[in-house]
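Notes follow once the structure below has been shown.
On a predicted model such as this, the values are computed, not experimentally measured, just so you know. Quick note on labels: first sequence line is chain A, next is B, and so on, each numbered from 1.
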Amino acid sequence: MNYWLLKSEPSVFSLDDLRKAPGGRDHWDGVRNYQARNYLCAMAEGDQAFFYHSNCVRPGIVGIVEICRAAYPDHTAFDPHSPYHDPRSTHANPRWYMVDVRFLGALARPVPLSELKQHPELAELPLVQRGCRLSVMPVTAAQWQFILALAERNNP
DNA sequence: GCCAACGTTGGC
DNA sequence: GCCAACGTTGGC
């Protein structure tokens, strides 16, 4: 099993939105970056991912989700009315993909980006690196466990 | 809202 | 294939 991190702007789609979705499941659509897409396509059912809130007052990791369906074509790219429409993606030759995710839980304590940046153990995590704009990224088992332990601490 | 950093586009 | 221009991301 592999671990990942998924970024989302909470004003667009928050962890709470996923929790309240039917079955706690939803599509992870709208990824329009090749590297992020390649990571989406590398995901397997049963993998787990951190849910990260970006572009908000307190950017940070807030919860955990499970990948419940491996990558398949992102249909929002085919829809001319979608903000994610991309005419270069066709049914015959899809350019963009999405996975389905399922809410597993909120962290006992959200771990803000400012705190993640303070730990040398996480220096290799793309999220904390300069100018990182990647919205889907791998997390090593060691990083995963370290972050879970951080979330269990009452005082950062 | 500012702006640095980045990815993409397209002329050449 | 280079690279300037442009649009986007996302922390602050």
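Side-chain N/O atoms of A:R88 include one lying less than 4.0 angstrom from OP1 or OP2 on B:dT9. Contact annotation: A:K7 side-chain N/O to C:dG10 OP1/OP2 distance is under 4.0 Å. For the OP1/OP2 pair of C:dG11 and a distance below 4.0 Å, the side-chain nitrogens and oxygens of A:Y52 include at least one atom meeting the criterion. A close approach under 4.0 Å does occur between a side-chain nitrogen or oxygen of A:R130 and OP1 or OP2 of B:dA5.
When side chains are defined from C-beta on, A:I147 counts as touching A:L122, because their heavy atoms get closer than 4.5 Å.
Criterion: ILVMFWY side-chain heavy atoms under 4.5 Å apart, direct or through other members. Under it, A:V101 and A:L5 are part of a common hydrophobic cluster. The cluster map of Ile, Leu, Val, Met, Phe, Trp and Tyr, joined by side-chain heavy atoms under 4.5 Å apart, puts A:V136 and A:I67 in the same cluster.
Per the geometry, CG belonging to A:L5 stands 15 Å off C1' belonging to C:dT9, to the nearest Å. Per the geometry, CG belonging to A:N55 stands 15 Å off C1' belonging to B:dA5, to the nearest Å. Atoms OH (A:Y84) and C1' (C:dT9) sit 13 Å apart, rounded to a whole Å. C:dG11 atom P lies 16 Å from atom CD of A:Q118, rounded to whole Å. A:Y39 has its OH atom 12 Å from the P atom of B:dG7, to the nearest Å. The CG atom of A:L134 sits 14 Å away from the C1' atom of C:dT8 (whole-angstrom rounding). Atom-to-atom, OH of A:Y34 to P of C:dT9 comes out at 14 Å; the value is rounded to the nearest Å. When rounded to the nearest whole Å, the span between NE2 of A:H53 and C1' of C:dT9 equals 17 Å.
Although no hydrogens or angles enter the test, the distance criterion places no donor-acceptor pair under 3.5 Å between the side chain of A:R25 and the main chain of A:D100.
With hydrogens and angles left out, the side-chain atoms of A:D16 and A:S14 include no donor and acceptor closer than 3.5 Å.
Nearest to the side-chain atoms of A:S135 among the listed nucleotides B:dG7, C:dG11, C:dG10 stands C:dG10.
When the nearest nucleotides of DNA chain B are assigned to A:R95 and A:C132 by heavy-atom distance, the more 5′-ward of the two goes with A:C132.
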